[in-house]
Peer 1: 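First the structure, which I've put down as structure tokens, then a few questions once you've had a look.
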Amino acid sequence: MGCGCGGTGGGGGCGGETRPAVELPVEAPLFEELPNESDEQADEVQQGAPVLIATSEQEWPRAKVNGVAISPEAIARELQYHPADTRNEAVFLATQALVLRELLQQRIAELGLQVTAENGESEEEAATRALIEKEIPLPLADDATCQQYYQSNQSRFFSAPLLAVRHILLACPADDDEARSLAREQAQALLEQLAQAPQRFAELAQAHSACPSKAQDGALGQISKGQTVPEFERQLFRLPQGLCGQPLESRYGFHLVFVDQRIEGQQLPYEAVAGTIRAELNQRVWQIGVGQYLQNLVAAANIEGIRIQGAETPLMQ
């Protein structure tokens, strides 16, 4: 359905392009943009020295990795993968990613790695995977570690609640403030009627709801997490059984909600979540290991135009 209340989160209902790249793991230290000092930059340009990260919207950074320049064209292409609040920040993030990528490619070439890409992999992705497998020790989580994590975090491992829900959608565009205000007022008026006569829910749904569920008296059926848009879901799954005392707002408008039944989630046994726990712990180890490896590559490299924190002792000699 098109109201955002009972479909999957993939779009269109109640509810990129891919490229080879290596992103900085969350645990790795942040890169630091060099300060902009226009007078020093001008002197460097005159002397042929590398220019620091640009801050003008008309300029691109000029960075080098062991003498290899990161081209403005490459930064421009990379920019789309790094949305940010400002253009300068996006440019910086794109340059940062390309510096890391170049470091990895140089190390792959230095080792002479040659691999065959697996299904769905590019040659670059395959070579990067082989490099990580060769040079980064990544111990896997054993069963005892997973059991300990489960015991310490049992509250995380519950099945999702299941709700049987009816709703009335008063639709309005997300960017139309006036329409939003009118829809909110209408929702409050209908809510007052329902508070006095909840048995009229089906009648009011058929008369006012913009959701196809009005043909079923507003019934959405049984809903579990992940079946609706996030902003609606966050509010919905906090509700007790009965009529919600206020309209719920989503990108599609305002919803009057009646929870007919609520089945609470159950504690999941360790056996049901062991694979998820192991994958999560192994991913953490991977992030830390790759972050440290990138720091070591940075420490051993000559990087110009962007300041990157590296490890004090390079891993490779």
Side-chain angles (χ1 to χ4, degrees), residues 18-35 44 49-54 60-72 74-75 77-79 81-82 84 89-118 121-142 145 149 278-317:
T18 60
R19 72 188 190 342
V22 175
E23 302 294 342
L24 182 66
V26 175
E27 288 81 357
L30 296 176
F31 290 15
E32 179 183 355
E33 183 175 353
L34 290 175
E44 287 178 340
V51 179
L52 303 183
I53 287 290
W60 295 98
R62 300 181 187 176
K64 290 185 178 181
V65 183
N66 293 322
V68 177
I70 304 296
S71 72
I75 298 172
R77 289 193 300 269
E78 183 72 17
L79 203 61
Y81 303 111
H82 302 275
E89 183 182 358
V91 169
F92 179 75
L93 292 173
T95 307
Q96 169 181 289
L98 291 172
V99 166
L100 287 176
R101 186 173 174 184
E102 179 61 28
L103 279 172
L104 290 168
Q105 292 306 303
Q106 290 183 14
R107 183 60 178 166
I108 290 167
E110 181 182 350
L111 295 176
L113 291 181
Q114 294 183 347
V115 295
T116 301
E118 298 178 353
E121 273 188 327
S122 67
E123 292 184 3
E124 182 179 339
E125 289 171 328
T128 301
R129 171 179 52 79
L131 177 67
I132 291 173
E133 291 173 353
K134 178 179 177 61
E135 298 216 301
I136 307 177
L138 297 175
L140 300 179
D142 57 22
T145 302
Y149 185 84
R278 183 170 289 105
E280 180 178 333
L281 295 181
N282 288 342
Q283 177 65 17
R284 291 184 184 182
V285 171
W286 187 91
Q287 288 178 328
I288 293 171
V290 171
Q292 291 174 341
Y293 181 73
L294 290 173
Q295 282 186 288
N296 287 318
L297 286 179
V298 166
N302 178 24
I303 299 174
E304 305 170 53
I306 186 171
R307 184 178 297 139
I308 301 174
Q309 181 178 343
E312 293 182 359
T313 304
L315 177 67
M316 292 77 60
Q317 300 296 333

Peer 1: Are side-chain heavy atoms of Ile70 and Pro61 found at a separation under 4.5 Å?
Peer 2: no
Peer 1: Measure the CG-CZ distance between Leu294 and Arg107 for me, rounded to the nearest 0.5 Å.
Peer 2: 12.5 Å
Peer 1: Is there a side-chain contact between Glu118 and Glu125 (heavy atoms, below 4.5 Å)?
Peer 2: no
Peer 1: Quick one, Leu281 and Leu140 - any side-chain contact, counting heavy atoms below 4.5 Å?
Peer 2: no
Peer 1: If you define the side chain from C-beta out and look only at heavy atoms, does anything of Trp60 sit under 4.5 Å from Thr95?
Peer 2: no
Peer 1: Please test Tyr81 against Leu93 for side chain to side chain contact (heavy atoms under 4.5 Å, CB included), starting from the C-alpha separation and ending with a verdict.
Peer 2: CA-CA 9 Å; Tyr81 303 111; Leu93 292 173; over 6 Å; no
Peer 1: Nearest heavy-atom pair of Pro139 and Val285: which atoms, and what distance?
Peer 2: O-CG1, 3.7 Å
Peer 1: I'd like to know if Glu304 pairs up with Arg62 as an ion pair, taking the criterion as any Lys NZ or Arg NE/NH1/NH2 lying under 4.0 Å from an Asp or Glu carboxylate oxygen.
Peer 2: no
Peer 1: Is Gln106 reaching over with its side chain to a backbone N or O of Val68, donor-acceptor style, under 3.5 angstrom?
Peer 2: no
Peer 1: What are the two closest heavy atoms between His82 and Ala90, and how far apart are they?
Peer 2: O-CB, 3.3 Å
Peer 1: A side-chain contact here means heavy atoms from C-beta on lying under 4.5 Å apart; do Leu138 and Ile132 qualify?
Peer 2: yes
Peer 1: Donor-acceptor check, side chain of Asn282 to backbone of Ala141, threshold 3.5 angstrom: yes or no?
Peer 2: yes
Peer 1: Using atom types as modelled and distance alone, determine if a side-chain donor or acceptor of Thr128 lies under 3.5 Å from a backbone N or O of Glu124.
Peer 2: yes
